Number of protein chains: 2
Amino acid sequence: MRDDSGERARGPLYRSVAADLREAITAGDYGSGGRLPAESTLAERYGVSRGTVRQALAALRADGLVTSRRGTRRVVLGTTRVQSFAELVSFTTWARSVGEDPGGRVEQLERRAADARESEQLRLEPGAEVVVVLRVRTLSGRPVMVERSVYPVWVGELVARIPADAVSHTEPLQEQGVVFADADHTIDLVLADADDARLLGCRAGEALLRERRRSTDPVGAPVEWSEDRYLPGTVAFTVHNSIAASALSRRHRRPH
Amino acid sequence: MRDDSGERARGPLYRSVAADLREAITAGDYGSGGRLPAESTLAERYGVSRGTVRQALAALRADGLVTSRRGTRRVVLGTTRVQSFAELVSFTTWARSVGEDPGGRVEQLERRAADARESEQLRLEPGAEVVVVLRVRTLSGRPVMVERSVYPVWVGELVARIPADAVSHTEPLQEQGVVFADADHTIDLVLADADDARLLGCRAGEALLRERRRSTDPVGAPVEWSEDRYLPGTVAFTVHNSIAASALSRRHRRPH
DNA sequence: TAGTGGTCTAGACCACGGG
DNA sequence: CCGTGGTCTAGACCACTAC
């Protein structure tokens, strides 16, 4: 109902419905383990068709908020807030969303020919130029992560114009039309090298949590390939998946 | 077209369409970076409505195989095989799918009252009984992971009947009607304790990659809460997410 | 058996991309 | 401008759950 009376007019209808339901769920209106109203009931309540309600519910399902099973009403799984794509790709957006004060400083920026791995990840011809950025990320001034990002030159030129102590790189990039639409992440463990140790204030050889990420724009063109190394105990990565839609997988590494 | 002529008749129509498209994509029919036919074209080709085609394409989108953008045809992102939900929850299924020889041995199995954290994770009343299993997992006889699983008794009783050296626990459980439908994973880093060191053959205090996982059945009832600790260099976790459907998130840990 | 979600259809209009 | 995917509707039938 909050649809015609509410201010949440912009954008698709099903998003408004999803947002409203999400709010109700996280507010505990249905309780954890409780049942949602039937699709037909919701359709009537919001004054939309059942298809639109289903589209909204599919979003909640993908976020792991509700189950769905033929024959019974949907069950509320959890009441946890789920992070958005933006919060995931951008350290800055994420940090702010958890009430932390993010910072960053570019330690090194160079333009050079891509090595084999880089050109493969960014889908460039071998030897094409890339811009490589080494950056420390902080929370409340405390270093927590070292970020090594590689960009194709058309993105890298934009990055190079950003002040070295800018909090966010993603935001100015987006303002200039660089759109992050998809990302592949690989999470594992790595030992700190001399740079890591110096920048993070830990010992060389200490274990760090590593996230490697390749982001692509809506056309599928890679816009960034980044390797982030976190101090232990500062972050954990969480994933939800279901028999309906899975995104996570293990990857094997052969010894040596 | 392979629809009416094919043998892939069982199940929803859109799955057949998705499977066929997936096959064509991984076979390279459209090339990496190529364009898919328009939805209307596919609808005509398969003799289904546009809605059904969209349902199939949504599945490919969720798997990170194709992009989609208003105004242009869908772009093929990658031709990589995507792992199934089963491969994700089950070490055994995963290991086999990458051509490794999985093994396992139960080191300890006890039935006792749940502590606070356990009863919360499994949504049991405080003090309810649980079954706790400590197990080493191997690849080709080499220990790579220590698994600490906590089950509600109704599942734990089934687990207790499985031979100590059984390769898989998930498979017998599924045969007896325990269904894993959803899972939440948290990935971070932890230091090996004395048990880990003994069972994995590493030093105590060495960093391990930790995956904590809570699995629920289709009704949303928790069936397992497990903490897996991997030797460094044996696995990496990969996640795909997009602006359309995200499942991964960071989680912050306040110092101390 | 009644209610529910899962699937499928046939049509409509719109917003965006690219020629 | 046209073709494309994004959104939405109204209705239909089925498979399954719970009573």
Side-chain angles (χ1 to χ4, degrees), chain A residues 3-4 8-19 21 30 34-62 65-77 177 179 181-182 217-221 242-245, chain B residues 3-4 8-19 21 30 34-62 66-77 177 179 181 217-221 242-245:
Chain A
D3 180 36
D4 38 13
R8 192 155 40 210
R10 285 176 297 263
L13 237 185
Y14 76 90
R15 279 192 197 284
S16 311
V17 176
L21 285 172
Y30 302 107
R35 299 293 174 105
L36 244 48
E39 293 176 354
S40 54
T41 308
L42 292 172
E44 196 180 358
R45 176 187 305 177
Y46 289 104
V48 300
S49 76
R50 188 179 158 221
T52 301
V53 167
R54 283 182 62 79
Q55 215 168 345
L57 289 169
L60 303 185
R61 174 101 180 83
L65 282 177
V66 299
T67 55
S68 59
R69 215 173 31 139
R70 183 153 41 191
T72 64
R73 299 237 185 115
R74 283 181 170 76
V75 175
V76 175
L77 265 184
V179 180
D182 284 84
D217 69 11
V219 194
S242 71
I243 209 169
Chain B
D3 180 37
D4 38 12
R8 190 154 43 208
R10 282 177 297 264
L13 236 185
Y14 77 89
R15 279 193 198 282
S16 312
V17 176
L21 285 172
Y30 302 108
R35 300 291 173 106
L36 244 48
E39 293 176 354
S40 54
T41 308
L42 291 172
E44 196 181 358
R45 176 187 304 177
Y46 288 105
V48 300
S49 76
R50 187 178 158 221
T52 301
V53 168
R54 283 182 63 79
Q55 217 169 343
L57 289 170
L60 303 187
R61 174 100 180 82
V66 299
T67 54
S68 58
R69 214 171 35 139
R70 181 150 44 189
T72 63
R73 299 241 188 109
R74 283 181 169 76
V75 175
V76 175
L77 264 185
V179 180
D217 70 10
V219 195
S242 71
I243 210 168

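What you see is a predicted model, and the numbers here were worked out from it, not measured in a lab. Chain A is the first sequence line, chain B the second, and so forth, proteins listed ahead of strands; every chain is numbered from 1.
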In whole angstroms, how far is the P atom of C/dT4 from the CG atom of A/Leu42? 11 Å
Base, sugar-phosphate, or nothing: which does B/Arg69 touch, judged by heavy atoms less than 4.0 Å apart? sugar-phosphate
With rounding to the nearest 0.5 Å, note down the distance linking CZ in A/Arg35 to OG1 in A/Thr72. 5.0 Å
Between A/Arg73 (CZ) and C/dA2 (C1'), how many Å, whole number? 12 Å
In Å and rounded to the nearest 0.5 Å, what is the CZ to OH distance from B/Arg73 to B/Tyr30? 10.0 Å
Grab the two heavy atoms, one from B/Arg45 and one from B/Pro37, that are nearest each other, plus how far apart they are. NH2-CG, 3.7 Å
Show your working on side-chain contact (heavy atoms from CB on, under 4.5 Å) between B/Leu21 and B/Leu60 and close with a plain yes or no. CA-CA 8 Å; B/Leu21 285 172; B/Leu60 303 187; 3.7 Å; yes
Heavy atoms of chain A, cut-off under 4.0 Å: which first and last nucleotide of DNA chain D, 5' to 3', fall inside that, if you could look? D/dT7 to D/dA18
Partners passing salt bridge (charged side-chain N to carboxylate O under 4.0 Å, His left out) against B/Arg54 (at least two apart in sequence or in another chain): B/Glu39
Of A/Gly51 and A/Thr72, whose closest DNA chain D nucleotide lies nearer the 5' terminus? A/Gly51
Atom CG of A/Leu13 and atom P of C/dA15 are separated, to the nearest Å, by 13 Å
Base, sugar-phosphate, or nothing: which does A/Arg74 touch, judged by heavy atoms less than 4.0 Å apart? sugar-phosphate
Side-chain (B/Thr67) to main-chain (A/Gly220) donor-acceptor, under 3.5 angstrom: no
Contacts of A/Val53 and B/Ala38 projected onto DNA chain D by closest heavy atom; the upstream (5') one is B/Ala38
